[in-house]
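Notes to accompany the following structure.
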Amino acid sequence: MDYLHQEIPSQKVSQARIAGIYLFGAHRALDPDFINKLSLETIKNAFRTKARCFHPDLHGGRPPETVEKNRQWFIKVKESYEILKDFVACQTFEPEAAVVRQKRIIAVGGAKGGIGKSTFAANLGVFLAAQGRRTVMVDLDLGGANLHLYLGKTSVKKTINDYFSRAVSSLGELIMPTKFGPHLIGGDSSQLGSANVSFSAKMKLLKSLRELDADYVIIDLGSNTSFNMLDFFLAGDSHLVVTTCEPASYLEAYNFIKVGLLRRLNRLFGEESADPGQKNFGLQSLIHEATMSPNGSKANNIPALLERVKAGYPDYLPLLRETLAAYQPYLVVNQVIDVQDVPPIIRRIQDVARKVLAIKVRYLGTLPFMETVKRSTLNLVPEVARNSRGPLAQRMAAMSKEL
Ligand SMILES: Nc1ncnc2c1ncn2[C@@H]1O[C@H](COP(=O)(O)OP(=O)(O)O)[C@@H](O)[C@H]1O
Ligand SMILES: [Mg+2]
(Lines give C-alpha, C1' and ligand atoms only; values in the text may rest on other atoms or scores of the structure.)
(Ligands and ions follow the chains in the order given, each with its own letter.)
Protein backbone atom coordinates (compact mmCIF):
# COMPACT_ATOMS: atom_id res chain seq x y z
CA MET A 1 0.00 0.00 0.00
CA ASP A 2 1.23 3.54 -0.72
CA TYR A 3 2.01 5.12 2.64
CA LEU A 4 0.97 8.57 1.42
CA HIS A 5 -2.59 7.32 1.23
CA GLN A 6 -2.71 5.97 4.74
CA GLU A 7 -4.34 8.07 7.43
CA ILE A 8 -1.05 9.06 9.02
CA PRO A 9 -0.20 12.76 9.19
CA SER A 10 2.57 13.30 6.63
CA GLN A 11 4.67 15.18 9.17
CA LYS A 12 4.83 11.98 11.24
CA VAL A 13 5.86 10.00 8.17
CA SER A 14 8.67 12.47 7.41
CA GLN A 15 9.82 12.34 11.02
CA ALA A 16 9.83 8.53 10.97
CA ARG A 17 11.74 8.50 7.70
CA ILE A 18 14.40 10.85 9.09
CA ALA A 19 14.68 8.70 12.23
CA GLY A 20 14.95 5.71 9.89
CA ILE A 21 18.04 7.20 8.27
CA TYR A 22 19.86 6.94 11.62
CA LEU A 23 18.87 3.39 12.30
CA PHE A 24 18.75 1.89 8.83
CA GLY A 25 20.79 4.25 6.64
CA ALA A 26 19.57 6.61 3.91
CA HIS A 27 19.28 3.92 1.26
CA ARG A 28 16.69 1.88 3.15
CA ALA A 29 14.93 4.80 4.86
CA LEU A 30 14.30 6.58 1.57
CA ASP A 31 12.84 3.50 -0.07
CA PRO A 32 9.16 4.39 -0.77
CA ASP A 33 8.05 1.19 0.93
CA PHE A 34 10.20 1.67 4.03
CA ILE A 35 7.33 2.88 6.26
CA ASN A 36 5.15 -0.12 5.42
CA LYS A 37 7.91 -2.59 6.21
CA LEU A 38 8.63 -1.24 9.69
CA SER A 39 7.99 -3.52 12.64
CA LEU A 40 8.96 -3.38 16.29
CA GLU A 41 11.28 -6.33 15.74
CA THR A 42 13.22 -4.72 12.87
CA ILE A 43 13.53 -1.45 14.79
CA LYS A 44 14.88 -3.22 17.88
CA ASN A 45 17.41 -5.19 15.84
CA ALA A 46 18.61 -2.08 14.02
CA PHE A 47 18.93 -0.24 17.34
CA ARG A 48 20.99 -3.08 18.87
CA THR A 49 23.36 -3.07 15.89
CA LYS A 50 23.85 0.72 16.00
CA ALA A 51 24.17 0.76 19.78
CA ARG A 52 27.04 -1.77 19.53
CA CYS A 53 28.87 0.66 17.22
CA PHE A 54 28.27 3.87 19.13
CA HIS A 55 27.54 3.14 22.79
CA PRO A 56 29.98 5.31 24.77
CA ASP A 57 30.63 2.57 27.36
CA LEU A 58 31.54 -0.12 24.87
CA HIS A 59 34.73 1.23 23.32
CA GLY A 60 37.37 2.23 25.85
CA GLY A 61 40.77 3.67 24.93
CA ARG A 62 39.67 5.77 21.96
CA PRO A 63 40.69 9.40 21.46
CA PRO A 64 38.36 11.82 23.32
CA GLU A 65 37.11 13.37 20.04
CA THR A 66 36.02 9.95 18.76
CA VAL A 67 34.34 9.15 22.07
CA GLU A 68 32.44 12.48 21.97
CA LYS A 69 31.43 11.96 18.33
CA ASN A 70 30.17 8.47 19.14
CA ARG A 71 28.28 9.78 22.14
CA GLN A 72 26.50 12.34 19.92
CA TRP A 73 25.63 9.61 17.43
CA PHE A 74 24.39 7.34 20.18
CA ILE A 75 22.02 10.09 21.43
CA LYS A 76 20.67 10.49 17.91
CA VAL A 77 20.30 6.75 17.43
CA LYS A 78 18.46 6.42 20.74
CA GLU A 79 16.12 9.32 19.88
CA SER A 80 15.43 7.79 16.49
CA TYR A 81 14.68 4.44 18.09
CA GLU A 82 12.10 6.09 20.41
CA ILE A 83 10.49 7.97 17.49
CA LEU A 84 10.15 4.82 15.39
CA LYS A 85 8.83 2.79 18.30
CA ASP A 86 6.08 5.38 18.90
CA PHE A 87 5.35 5.54 15.20
CA VAL A 88 4.89 1.79 14.87
CA ALA A 89 2.80 1.66 18.08
CA CYS A 90 0.48 4.33 16.63
CA GLN A 91 0.06 2.35 13.44
CA THR A 92 -0.56 -0.93 15.19
CA PHE A 93 -3.10 0.12 17.79
CA GLU A 94 -6.39 1.56 16.54
CA PRO A 95 -4.87 3.80 13.89
CA GLU A 96 -8.11 5.67 13.27
CA ALA A 97 -8.64 6.50 16.93
CA ALA A 98 -5.02 7.58 17.18
CA VAL A 99 -5.48 10.05 14.33
CA VAL A 100 -8.75 11.45 15.66
CA ARG A 101 -7.36 11.93 19.16
CA GLN A 102 -4.26 13.65 17.90
CA LYS A 103 -3.83 17.26 18.89
CA ARG A 104 -3.96 19.69 16.02
CA ILE A 105 -1.73 22.70 15.93
CA ILE A 106 -3.13 25.45 13.76
CA ALA A 107 -0.63 28.17 12.86
CA VAL A 108 -2.05 31.50 11.71
CA GLY A 109 0.43 33.61 9.77
CA GLY A 110 0.79 36.12 6.95
CA ALA A 111 3.54 38.62 6.44
CA LYS A 112 1.48 41.80 6.60
CA GLY A 113 0.34 43.55 9.78
CA GLY A 114 -3.21 44.74 10.44
CA ILE A 115 -4.91 42.27 8.10
CA GLY A 116 -6.75 40.41 10.85
CA LYS A 117 -4.57 37.44 11.84
CA SER A 118 -5.21 37.86 15.56
CA THR A 119 -8.90 38.69 15.03
CA PHE A 120 -9.34 35.55 12.94
CA ALA A 121 -7.32 33.36 15.31
CA ALA A 122 -9.29 34.55 18.36
CA ASN A 123 -12.66 33.97 16.71
CA LEU A 124 -11.65 30.53 15.46
CA GLY A 125 -10.55 29.69 19.01
CA VAL A 126 -13.84 30.91 20.48
CA PHE A 127 -15.73 28.82 17.94
CA LEU A 128 -13.75 25.62 18.60
CA ALA A 129 -14.03 26.05 22.37
CA ALA A 130 -17.80 26.49 22.00
CA GLN A 131 -17.82 23.12 20.21
CA GLY A 132 -16.46 21.56 23.39
CA ARG A 133 -12.87 21.28 22.12
CA ARG A 134 -10.20 22.20 24.60
CA THR A 135 -8.48 25.01 22.73
CA VAL A 136 -5.28 26.73 23.78
CA MET A 137 -4.30 29.92 21.98
CA VAL A 138 -0.65 30.88 22.00
CA ASP A 139 0.52 34.41 21.25
CA LEU A 140 3.77 33.99 19.35
CA ASP A 141 3.76 37.46 17.87
CA LEU A 142 6.84 38.10 19.96
CA GLY A 143 7.31 41.64 18.68
CA GLY A 144 3.67 42.76 18.87
CA ALA A 145 1.81 40.49 21.27
CA ASN A 146 -1.82 41.52 21.62
CA LEU A 147 -3.89 38.34 21.32
CA HIS A 148 -5.06 38.76 24.94
CA LEU A 149 -6.92 41.92 23.92
CA TYR A 150 -8.88 39.92 21.35
CA LEU A 151 -9.88 37.51 24.10
CA GLY A 152 -11.08 40.14 26.58
CA LYS A 153 -7.95 40.55 28.68
CA THR A 154 -6.30 43.93 29.08
CA SER A 155 -3.13 42.45 30.54
CA VAL A 156 -1.43 39.11 31.14
CA LYS A 157 0.55 38.38 34.31
CA LYS A 158 2.66 35.46 33.17
CA THR A 159 3.64 35.38 29.53
CA ILE A 160 5.60 33.31 27.06
CA ASN A 161 8.65 35.41 28.02
CA ASP A 162 8.56 33.74 31.45
CA TYR A 163 8.97 30.44 29.67
CA PHE A 164 11.95 31.69 27.68
CA SER A 165 13.56 33.20 30.78
CA ARG A 166 12.82 29.99 32.71
CA ALA A 167 10.79 31.84 35.34
CA VAL A 168 8.32 28.98 34.86
CA SER A 169 9.39 25.41 34.30
CA SER A 170 6.69 24.33 31.87
CA LEU A 171 4.56 25.91 29.18
CA GLY A 172 1.45 24.46 30.82
CA GLU A 173 1.94 26.77 33.82
CA LEU A 174 1.20 29.76 31.59
CA ILE A 175 -2.21 28.56 30.43
CA MET A 176 -4.99 30.77 31.71
CA PRO A 177 -8.72 30.64 31.07
CA THR A 178 -10.51 33.43 29.21
CA LYS A 179 -14.15 34.52 29.51
CA PHE A 180 -14.88 33.35 26.00
CA GLY A 181 -13.92 29.68 26.06
CA PRO A 182 -10.42 29.21 24.73
CA HIS A 183 -7.45 29.12 27.06
CA LEU A 184 -4.57 31.48 26.47
CA ILE A 185 -0.82 31.57 26.70
CA GLY A 186 -0.26 35.28 26.36
CA GLY A 187 2.66 37.31 25.11
CA ASP A 188 4.35 40.53 26.14
CA SER A 189 6.44 42.60 23.74
CA SER A 190 7.04 45.49 26.11
CA GLN A 191 10.56 44.39 27.11
CA LEU A 192 13.51 45.18 24.89
CA GLY A 193 14.60 42.02 23.10
CA SER A 194 11.30 40.19 23.63
CA ALA A 195 11.39 39.00 20.05
CA ASN A 196 14.87 37.46 20.35
CA VAL A 197 14.73 33.78 21.11
CA SER A 198 17.66 31.39 20.94
CA PHE A 199 17.54 28.37 18.66
CA SER A 200 17.50 25.94 21.58
CA ALA A 201 14.72 27.85 23.41
CA LYS A 202 12.70 27.81 20.22
CA MET A 203 13.17 24.08 19.73
CA LYS A 204 12.14 23.45 23.33
CA LEU A 205 9.04 25.55 22.83
CA LEU A 206 8.07 23.71 19.66
CA LYS A 207 8.32 20.39 21.50
CA SER A 208 6.31 21.74 24.46
CA LEU A 209 3.51 22.94 22.16
CA ARG A 210 2.99 19.31 21.14
CA GLU A 211 2.72 18.28 24.77
CA LEU A 212 0.08 20.84 25.80
CA ASP A 213 -3.14 19.45 27.17
CA ALA A 214 -5.47 20.49 24.33
CA ASP A 215 -7.47 19.28 21.35
CA TYR A 216 -6.43 22.36 19.39
CA VAL A 217 -3.50 24.66 19.81
CA ILE A 218 -3.84 27.86 17.79
CA ILE A 219 -0.66 29.86 17.24
CA ASP A 220 -1.06 33.54 16.43
CA LEU A 221 1.98 34.87 14.61
CA GLY A 222 3.58 38.22 13.90
CA SER A 223 3.92 40.05 10.63
CA ASN A 224 7.42 39.21 9.49
CA THR A 225 9.42 36.45 7.87
CA SER A 226 12.14 35.99 10.49
CA PHE A 227 13.46 32.46 10.93
CA ASN A 228 11.73 32.23 14.31
CA MET A 229 8.41 33.27 12.85
CA LEU A 230 8.73 30.80 9.99
CA ASP A 231 9.67 27.98 12.36
CA PHE A 232 6.62 28.72 14.51
CA PHE A 233 4.49 28.73 11.38
CA LEU A 234 5.94 25.43 10.18
CA ALA A 235 5.34 23.86 13.60
CA GLY A 236 1.63 23.76 12.77
CA ASP A 237 -0.18 20.75 11.39
CA SER A 238 -2.25 23.26 9.42
CA HIS A 239 -0.65 26.37 8.03
CA LEU A 240 -3.13 29.21 7.61
CA VAL A 241 -2.08 32.32 5.73
CA VAL A 242 -4.33 35.33 6.14
CA THR A 243 -4.60 37.95 3.43
CA THR A 244 -6.95 40.67 2.29
CA CYS A 245 -7.88 41.50 -1.30
CA GLU A 246 -5.27 44.23 -1.51
CA PRO A 247 -2.29 43.43 -3.77
CA ALA A 248 0.21 44.36 -1.05
CA SER A 249 -1.41 41.81 1.19
CA TYR A 250 -1.81 38.88 -1.20
CA LEU A 251 1.65 39.33 -2.68
CA GLU A 252 3.01 39.17 0.86
CA ALA A 253 0.89 36.09 1.47
CA TYR A 254 2.47 34.34 -1.51
CA ASN A 255 5.90 35.44 -0.40
CA PHE A 256 5.24 34.12 3.10
CA ILE A 257 4.24 30.75 1.66
CA LYS A 258 7.36 30.69 -0.47
CA VAL A 259 9.86 31.56 2.26
CA GLY A 260 8.07 29.08 4.52
CA LEU A 261 8.83 26.38 1.97
CA LEU A 262 12.43 27.49 1.60
CA ARG A 263 12.85 27.42 5.37
CA ARG A 264 11.36 23.94 5.57
CA LEU A 265 13.72 22.63 2.89
CA ASN A 266 16.72 24.26 4.54
CA ARG A 267 15.77 22.86 7.93
CA LEU A 268 15.60 19.44 6.35
CA PHE A 269 18.82 19.41 4.31
CA GLY A 270 20.82 22.47 5.34
CA GLU A 271 23.02 23.79 8.13
CA GLU A 272 20.28 23.65 10.78
CA SER A 273 19.08 20.20 9.82
CA ALA A 274 17.81 18.21 12.80
CA ASP A 275 19.60 15.29 11.22
CA PRO A 276 23.36 15.58 10.53
CA GLY A 277 23.17 12.56 8.23
CA GLN A 278 20.68 14.47 6.12
CA LYS A 279 22.79 17.59 5.59
CA ASN A 280 23.81 18.00 2.02
CA PHE A 281 25.45 21.24 1.03
CA GLY A 282 25.30 20.56 -2.70
CA LEU A 283 21.58 20.03 -2.40
CA GLN A 284 21.26 23.05 -0.16
CA SER A 285 22.84 25.32 -2.73
CA LEU A 286 20.53 23.91 -5.40
CA ILE A 287 17.59 24.76 -3.15
CA HIS A 288 18.96 28.22 -2.63
CA GLU A 289 19.33 28.75 -6.37
CA ALA A 290 15.88 27.33 -7.00
CA THR A 291 14.16 29.76 -4.71
CA MET A 292 16.37 32.81 -4.67
CA SER A 293 17.99 33.07 -8.09
CA PRO A 294 16.87 36.40 -9.56
CA ASN A 295 17.33 35.30 -13.15
CA GLY A 296 16.43 32.24 -15.11
CA SER A 297 19.98 31.13 -15.84
CA LYS A 298 19.89 28.41 -13.22
CA ALA A 299 17.16 26.28 -11.73
CA ASN A 300 15.00 29.10 -10.43
CA ASN A 301 11.91 27.17 -9.52
CA ILE A 302 11.08 23.97 -7.69
CA PRO A 303 10.15 21.83 -10.73
CA ALA A 304 13.62 22.61 -12.13
CA LEU A 305 15.11 21.80 -8.74
CA LEU A 306 13.39 18.41 -8.81
CA GLU A 307 15.01 17.68 -12.17
CA ARG A 308 18.43 18.63 -10.83
CA VAL A 309 18.00 16.58 -7.68
CA LYS A 310 16.87 13.64 -9.79
CA ALA A 311 20.08 13.93 -11.79
CA GLY A 312 22.51 14.76 -8.97
CA TYR A 313 21.06 13.41 -5.71
CA PRO A 314 18.46 10.78 -6.64
CA ASP A 315 18.46 9.31 -3.09
CA TYR A 316 16.98 12.53 -1.79
CA LEU A 317 14.22 12.78 -4.37
CA PRO A 318 11.52 10.81 -2.46
CA LEU A 319 11.97 12.86 0.70
CA LEU A 320 11.97 16.10 -1.27
CA ARG A 321 8.80 15.11 -3.12
CA GLU A 322 7.16 14.05 0.11
CA THR A 323 8.06 17.34 1.79
CA LEU A 324 6.54 19.30 -1.09
CA ALA A 325 3.38 17.19 -1.01
CA ALA A 326 3.02 17.66 2.75
CA TYR A 327 3.26 21.45 2.65
CA GLN A 328 -0.23 22.63 1.69
CA PRO A 329 -0.86 26.02 3.25
CA TYR A 330 -4.41 27.36 3.44
CA LEU A 331 -5.43 30.84 2.37
CA VAL A 332 -7.96 32.81 4.40
CA VAL A 333 -9.19 36.01 2.79
CA ASN A 334 -10.28 38.56 5.37
CA GLN A 335 -12.01 41.94 5.32
CA VAL A 336 -13.70 41.14 2.03
CA ILE A 337 -16.04 43.81 0.71
CA ASP A 338 -16.87 42.29 -2.67
CA VAL A 339 -16.73 38.46 -2.85
CA GLN A 340 -16.14 38.63 -6.59
CA ASP A 341 -12.63 39.89 -5.87
CA VAL A 342 -11.68 36.64 -4.15
CA PRO A 343 -11.63 33.87 -6.83
CA PRO A 344 -9.08 35.55 -9.15
CA ILE A 345 -6.73 36.16 -6.21
CA ILE A 346 -6.97 32.57 -5.04
CA ARG A 347 -6.52 31.22 -8.55
CA ARG A 348 -3.50 33.39 -9.16
CA ILE A 349 -1.74 32.33 -5.97
CA GLN A 350 -2.60 28.68 -6.53
CA ASP A 351 -1.34 28.77 -10.12
CA VAL A 352 1.94 30.45 -9.28
CA ALA A 353 2.50 28.17 -6.28
CA ARG A 354 1.87 25.10 -8.43
CA LYS A 355 4.11 26.21 -11.28
CA VAL A 356 6.94 27.84 -9.36
CA LEU A 357 6.93 26.05 -6.03
CA ALA A 358 5.37 22.69 -7.03
CA ILE A 359 3.03 22.86 -4.04
CA LYS A 360 -0.70 22.90 -3.58
CA VAL A 361 -2.16 25.97 -1.89
CA ARG A 362 -5.63 25.41 -0.49
CA TYR A 363 -8.44 27.86 -0.03
CA LEU A 364 -9.99 27.80 3.41
CA GLY A 365 -12.55 30.57 3.22
CA THR A 366 -13.50 34.21 3.23
CA LEU A 367 -14.49 36.55 6.04
CA PRO A 368 -16.44 39.69 5.20
CA PHE A 369 -15.44 43.13 6.35
CA MET A 370 -17.81 43.77 9.25
CA GLU A 371 -18.24 46.90 11.33
CA THR A 372 -19.19 44.70 14.26
CA VAL A 373 -15.82 42.95 14.03
CA LYS A 374 -14.06 46.29 14.08
CA ARG A 375 -16.11 47.31 17.10
CA SER A 376 -15.52 44.00 18.85
CA THR A 377 -11.84 44.90 18.97
CA LEU A 378 -12.71 48.08 20.86
CA ASN A 379 -15.15 46.33 23.21
CA LEU A 380 -12.75 43.42 23.86
CA VAL A 381 -15.49 40.92 23.03
CA PRO A 382 -14.79 38.56 20.09
CA GLU A 383 -17.49 38.72 17.44
CA VAL A 384 -18.18 34.96 17.57
CA ALA A 385 -18.80 35.23 21.33
CA ARG A 386 -21.10 38.25 20.86
CA ASN A 387 -23.10 36.58 18.13
CA SER A 388 -22.57 32.82 18.24
CA ARG A 389 -24.86 32.17 15.26
CA GLY A 390 -23.91 35.20 13.20
CA PRO A 391 -22.12 35.30 9.84
CA LEU A 392 -18.64 35.09 11.35
CA ALA A 393 -19.56 32.04 13.46
CA GLN A 394 -21.00 30.39 10.33
CA ARG A 395 -17.75 30.98 8.43
CA MET A 396 -15.78 29.53 11.34
CA ALA A 397 -18.01 26.45 11.29
CA ALA A 398 -17.32 25.87 7.59
CA MET A 399 -13.60 26.45 7.96
CA SER A 400 -13.14 24.24 11.00
CA LYS A 401 -14.93 21.45 9.12
CA GLU A 402 -12.42 21.77 6.30
CA LEU A 403 -9.51 21.79 8.74
N1 LIG B 1 -13.28 40.99 9.09
C2 LIG B 1 -12.99 42.18 9.63
N3 LIG B 1 -13.86 43.22 9.51
C4 LIG B 1 -13.56 44.42 10.04
N5 LIG B 1 -12.42 44.70 10.71
C6 LIG B 1 -11.52 43.71 10.86
C7 LIG B 1 -11.77 42.40 10.34
N8 LIG B 1 -10.69 41.61 10.66
C9 LIG B 1 -9.84 42.41 11.35
N10 LIG B 1 -10.33 43.65 11.48
C11 LIG B 1 -9.68 44.78 12.16
O12 LIG B 1 -8.37 44.99 11.65
C13 LIG B 1 -7.52 45.45 12.66
C14 LIG B 1 -6.25 44.61 12.68
O15 LIG B 1 -6.58 43.29 13.06
P16 LIG B 1 -5.53 42.31 13.73
O17 LIG B 1 -6.25 41.04 13.94
O18 LIG B 1 -4.88 42.93 14.91
O19 LIG B 1 -4.45 42.16 12.57
P20 LIG B 1 -3.03 41.41 12.59
O21 LIG B 1 -3.06 40.42 13.70
O22 LIG B 1 -2.93 40.79 11.25
O23 LIG B 1 -2.00 42.46 12.79
C24 LIG B 1 -8.31 45.39 13.96
O25 LIG B 1 -8.76 46.68 14.29
C26 LIG B 1 -9.48 44.51 13.63
O27 LIG B 1 -10.63 44.86 14.36
MG1 LIG C 1 -1.79 40.12 15.34
Side-chain angles (χ1 to χ4, degrees), residues 106-127 137-156 159-160 178 180 182 184-190 194-195 217-226 228-230 232-233 236 239-257 260 329-339 341-342 345 364-387 390-399:
I106 300 174
V108 181
K112 198 163 180 306
I115 53 174
K117 296 184 290 297
S118 303
T119 311
F120 168 76
N123 281 289
L124 180 64
V126 171
F127 178 83
M137 317 239 7
V138 189
D139 194 343
L140 288 182
D141 183 352
L142 301 181
N146 61 9
L147 183 61
H148 53 281
L149 293 173
Y150 292 88
L151 290 165
K153 284 187 180 290
T154 47
S155 65
V156 188
T159 72
I160 194 83
T178 69
F180 304 111
L184 172 69
I185 295 179
D188 172 17
S189 336
S190 62
S194 299
V217 173
I218 301 180
I219 308 175
D220 181 33
L221 295 172
S223 312
N224 64 66
T225 52
S226 66
N228 281 345
M229 198 57 68
L230 293 173
F232 294 149
F233 178 68
H239 311 109
L240 275 48
V241 180
V242 180
T243 180
T244 67
C245 290
E246 289 175 16
S249 174
Y250 63 74
L251 293 174
E252 287 286 4
Y254 171 75
N255 195 40
F256 191 77
I257 289 170
Y330 281 104
L331 283 172
V332 176
V333 190
N334 188 27
Q335 305 193 22
V336 174
I337 294 169
D338 185 348
V339 284
D341 294 339
V342 177
I345 295 171
L364 189 60
T366 292
L367 302 175
F369 180 91
M370 292 167 67
E371 280 302 333
T372 48
V373 173
K374 193 100 206 150
R375 249 197 321 276
S376 71
T377 317
L378 304 172
N379 303 338
L380 307 188
V381 178
E383 171 64 10
V384 169
R386 191 191 67 83
N387 185 359
L392 209 66
Q394 287 172 20
R395 304 293 168 105
M396 294 298 163
M399 292 193 211

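Both ligands and their constituent atoms are indexed starting at 1 by order of listing. Please read these numbers as outputs of a predicted model, since none were measured by experiment.
- Near-neighbour remark for the Mg ion (ligand 2): protein N, O or S atoms under 2.8 Å are Ser118 OG; waters not counted.
- In terms of modelled atom types and a separation under 3.5 Å, the side chain of Lys117 and the main chain of Lys112 share a donor-acceptor contact.
- Counting only distance, with no hydrogens or angles, the side chain of Asn123 and the backbone of Met396 share no donor-acceptor pair below 3.5 Å.
- Of the possible polar contacts, one joining the Ser189 side chain to the Ala145 backbone as a donor-acceptor pair under 3.5 Å is found.
- Panel note: side chain Asn334, backbone Ile115; a donor-acceptor pair is recorded below 3.5 Å.
- Scanning for side-chain contact (heavy atoms from CB on, under 4.5 Å) contacts around Ser226 gives Asn224, Asn228, Met229, with sequence neighbours left out.
- Not counting sequence neighbours, the partners of Ser118 by the side-chain contact (heavy atoms from CB on, under 4.5 Å) test are Asn146, Leu147, Tyr150, Asp220.
- In this structure, Thr243 contributes its side chain and Val333 its backbone to no donor-acceptor pair below 3.5 Å.
- Aromatic rings from His239 and Phe233 are positioned such that their centres are separated by under 6.0 Å.
- For ligand 1, the 4.0 Å heavy-atom shell contains residues Gly113, Gly114, Ile115, Gly116, Lys117, Ser118, Thr119, Tyr150, Asn334, Gln335, Pro368, Phe369, Met370, Val373, Lys374, Thr377.
- Phe369 is not listed as a side-chain neighbour of Val336, based on a closest heavy-atom distance of 4.5 Å or more.
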